[in-house]
> 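What follows is a structure written as structure tokens; I'll ask about it next.
Naming convention: chains lettered A, B, ... in sequence-line order (proteins, then strands); numbering from 1 in each chain. Values in this document were obtained by computation on a predicted structure and should not be read as measured data.
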Amino acid sequence: MHRINIVKLLSLLLLTVTFSVHAQDESQNDNHAENSHTVKDLKTEIKEYISHHLLDSHDFTLFSYTTVEGDHKYIGFPLPVILWDNGIKIFSSSKLHHGESVAELNGEYFSLYHNKIYKTDAEGTITFDNHQHPTNSKPLDFSLTKNVAFIILVGLFMLWMFNSMAKSYKKSTIPSGIGRFLEPIILYVRNDIAIPNIGEKHYKKYMSYLLTVFFFVWIINLLGLTPLGVNVTNNIAVTFALALITYLFTTFTANKNYWKHIFWMPGVPLPMKIILAPIELLGTFIKPFSLMIRLYANITAGHIVLMSIIGLMFIFKNWIGSPLSFGLAFALALLELLVAALQAYIFTMLSALYFGMAVEEHEHSEHH
Amino acid sequence: MTIPNIVGAGLIVIGAGLGIGRIGGSAMDAIARQPEASGKIQTAMLIAAALIEGIGFAALFAA
Amino acid sequence: MEKLIEQFSLGLFVWQLILFVGLVLLLKKFAWGPILNAVNEREEGIKDALEEAENARKEIQNLTADNERILKEARSERDAMLKEAREMKESIITDAKEEAKAQASKVVEQAQATIQAEKHAAIADLKNQVAELSVGIAEKVIRAELTNKDKQIKLVEEMLKEVTIS
């Protein structure tokens with residue numbers, strides 16, 4: 001019994017971010033409760049842990065645990081909830097009590113269901129349609145969620161770090177401190193990503209974006225691997241925003257040649273030109289789309305696999321399975337470290353490639 | 001996840017794996033042939049692999 | 001795919017867009033601009049320094065070449081001077097020898113001439129003395145002889161014979 005408790009505590013520490021929506025989930029779980037009421041199926045529990053870990057949340061929870069009496073305790077701090085529902089409504093997420101209670105603001109009630117905020121009545125009733133989708137009205141949610149808070153933190157951290165590095169150059173031209181580590185990376189981004197792909201002539205205006213996106217994605221991927229477990233890049237919204245910036249940057253800095261190659265490919269017969277135009281146009285959307293999906297999918301897949309292997313530890317619960325899955329998880333965590341950097345590199349590299357296409361001066365049109 | 005979805009996902013993974021494997025193999029060949037161009041080959045290899053991977057992931061999500 | 005769309009959070013998207021664009025702009029102003037400028041400046045500096053070093057190297061090379069050339073010239077000049085001196089020495093020696101020889105031969109000639117002259121003088125003197133002697137002797141002889149008439153004639157005849165012979 002003692003050992004099981006330790007294992008449980010470990011699990012709670014490792015799978016830090018937890019959420020409990022059991023209270024409102026009772027109606028759904030009735031059929032589950034029939035087969036095993038006391039110990040909820042471990043596999044489903046792990047699955048829920050993982051899917052909750054991957055999601056954004058409205059408060060910053062460092063870790064949580066369940067007391068012997070069955071109460072959920074959360075260690076962390078609340079974040080502001082900002083809603084747009086006929087006017088801005090701001091209140092602390094502590095009012096939502098991790099979805100366990102209903103927040104009241106000027107006679108209006110909001111409650112959390114599956115990580116989303118719905119407008120409800122005083123009791124927090126949520127009505128469902130045939131497909132188990134809630135029918136309550138949903139206010140536009142611009143809350144400073146955990147991920148937003150983390151983005152701000154990382155942004156401030158980057159500002160501080162690179163600003164202090166920039167200041168150190170005023171004293172001497174040789175970097176000092178952290179700059180010694182960062183400068184080669186900055187030079188790598190410039191010499192091996194920007195210049196070969198974009199070209200000596202145009203690369204300067206893209207450097208700020210490329211450097212920022214590289215370090216942002218890298219740092220945030222790495223921090224996603226820490227026990228804080230705040231995964232920002234496994235939100236499709238985040239990667240969509242990044243890809244959208246790349247797309248807009250490409251589109252608005254593109255030269256005449258780029259558009260000519262899309263709408264009227266030179267050097268091919270007329271019917272081909274007509275066929276190629278929509279394909280090429282579609283290609284311009286697919287490129288940033290693949291950027292978005294790649295980053296999202298790599299990080300999500302990495303986290304799911306890593307956490308599943310950690311979860312296996314609690315399914316095996318014997319002396320051979322746990323060390324094995326620990327070793328596997330350790331190796332995979334190392335791989336994830338590589339993936340964190342690789343995805344940042346790929347994102348930057350492909351962005352640079354697309355920028356390069358947009359500003360390339362085609363002198364070799366005849367060769368097509 | 002239904003059975004066809006799982007089968008489809010498997011097929012996608014096989015296809016993407018074969019594709020990336022081929023790229024990696026060819027890149028190794030190319031590097032062995034021209035070690036001085038290894039930097040350029042690596043870059044091209046990563047880009048090609050990333051493109052296949054992107055398509056693979058897109059298909060996985062569709063499956 | 002449906003799950004992805006369902007998961008999509010507009011709030012997070014908007015925040016990320018705003019924050020990221022803000023981050024790019026702020027970093028551009030406070031970090032990337034200064035850093036890249038500093039790095040560029042440093043690289044330019046290194047390039048300039050290298051170029052300068054190359055120039056200096058070339059200059060030194062030129063200088064050493066010059067030095068070598070000057071040295072070579074000096075050496076050849078010295079050689080030429082030495083050669084000239086040697087030649088001069090030789091010519092002086094030969095000149096001196098010749099002069100000495102000429103002087104010597106001149107002295108010898110003079111000596112010979114003097115000897116000749118002395119000899120002639122001595123001979124002439126001897127001749128005179130011999131003549132005087134012979135005249136004296138002849139006088140005495142003649143005085144003795146001339147006492148006898150026959151002898152006188154005979155003598156004259158003999159003398160006449162002698163005269164024609166000499």
Side-chain angles (χ1 to χ4, degrees), chain A residues 54-56 82-84 114-116 133 140-145 147-149 151-152 154-156 158-170 172-175 179 182-183 186-187 190 204 207-213 215-216 232 235-242 244-245 293 296, chain C residues 1-70:
Chain A
L54 293 173
L55 286 175
D56 201 357
I82 303 163
L83 298 176
W84 182 264
H114 273 275
N115 230 4
K116 287 203 166 71
H133 289 304
L140 282 177
D141 186 358
F142 294 108
S143 305
L144 265 172
T145 57
N147 283 347
V148 177
I151 291 165
I152 294 170
V154 168
L156 289 176
M158 280 174 73
L159 261 180
W160 168 76
M161 185 166 70
F162 289 110
N163 189 39
S164 65
M165 183 184 165
K167 271 181 189 154
S168 81
Y169 278 106
K170 276 179 192 148
S172 80
T173 51
I174 297 156
L182 292 172
E183 200 204 89
I186 293 173
L187 288 181
R190 191 190 65 172
K204 277 195 177 118
M207 273 312 284
S208 299
Y209 174 67
L210 291 176
L211 283 168
T212 314
V213 86
F215 282 105
F216 180 79
V232 180
N235 281 281
I236 197 86
V238 172
T239 58
F240 178 56
L242 288 175
L244 185 70
I245 296 169
I293 292 289
Y296 163 80
Chain C
M1 211 65 194
E2 274 167 32
K3 206 181 150 203
L4 275 188
I5 292 162
E6 198 185 303
Q7 252 184 35
F8 186 84
S9 153
L10 184 70
L12 187 57
F13 166 71
V14 170
W15 275 113
Q16 164 71 4
L17 206 61
I18 294 166
L19 288 173
F20 192 79
V21 171
L23 185 65
V24 170
L25 294 177
L26 281 174
L27 277 175
K28 186 179 182 172
K29 187 162 189 303
F30 291 110
W32 306 135
I35 289 172
L36 289 175
N37 276 343
V39 168
N40 271 346
E41 256 167 48
R42 195 184 58 199
E43 275 169 3
E44 293 286 310
I46 289 170
K47 218 163 117 193
D48 286 355
L50 278 179
E51 243 163 52
E52 237 161 68
E54 179 67 15
N55 285 345
R57 206 178 58 85
K58 266 186 193 155
E59 216 160 276
I60 285 169
Q61 222 166 22
N62 284 348
L63 271 181
T64 38
D66 265 12
N67 277 353
E68 224 151 80
R69 196 174 48 78
I70 288 167

> Which atoms of C:V14 come close to chain A, meaning under 4.5 Å heavy atom to heavy atom: side chain ones, backbone ones, both, or neither?
side chain
> What is the distance from atom CG of C:L36 to atom CD of C:E43, rounded to the nearest 0.5 Å?
9.5 Å
> How many angstroms lie between atom CZ of C:F30 and atom CG of C:L25, to the nearest 0.5 angstrom?
11.0 Å
> Return the CD1 to CG distance between C:I35 and C:N40, rounded to the nearest 0.5 Å.
12.0 Å
> Which answer fits A:K204, side chain, backbone, both or neither, if we ask what part of it has an atom under 4.5 Å from a heavy atom of chain C?
side chain
> Under 6.0 Å between ring centres: does that hold for A:F162 and C:W32?
yes
> Identify which part of C:L19 has an atom lying under 4.5 Å from any heavy atom of chain A, answering side chain, backbone, both or neither.
side chain
> Which one of A:V148, A:V213, A:T145, A:L156 has the most heavy-atom pairs closer than 4.5 Å to chain C?
A:V148
> Are A:I293 and A:I236 side-chain neighbours, meaning at least one heavy-atom pair lies under 4.5 Å?
yes
> What is the distance from atom CG of C:N55 to atom CD1 of C:I60, rounded to the nearest 0.5 Å?
11.0 Å
> Mind ranking A:S164, A:G155, A:A237, A:S143 by heavy-atom pairs under 4.5 Å with chain C and telling me who comes out on top?
A:A237
> Using non-hydrogen atoms only, which part of A:L182 is less than 4.5 Å away from chain C: side chain, backbone, both, or neither?
neither
> Which bit of A:F216 is near chain C, if near means a heavy-atom gap under 4.5 Å: side chain, backbone, both or neither?
side chain
> For A:M158, is it the side chain, the backbone, both, or neither that has a heavy atom closer than 4.5 Å to a heavy atom of chain C?
both
> Only pairs of heavy atoms separated by less than 4.5 Å count here; which of A:M165, A:K170, A:E183 has the most with chain C?
A:E183
> Quick one: pull up CZ in A:F240 and CD in C:Q16 and give me the separation to the nearest 0.5 Å.
12.0 Å
> Non-hydrogen atoms of chain C under 4.5 Å away: do they reach the side chain of A:I186, the backbone, both or neither?
side chain
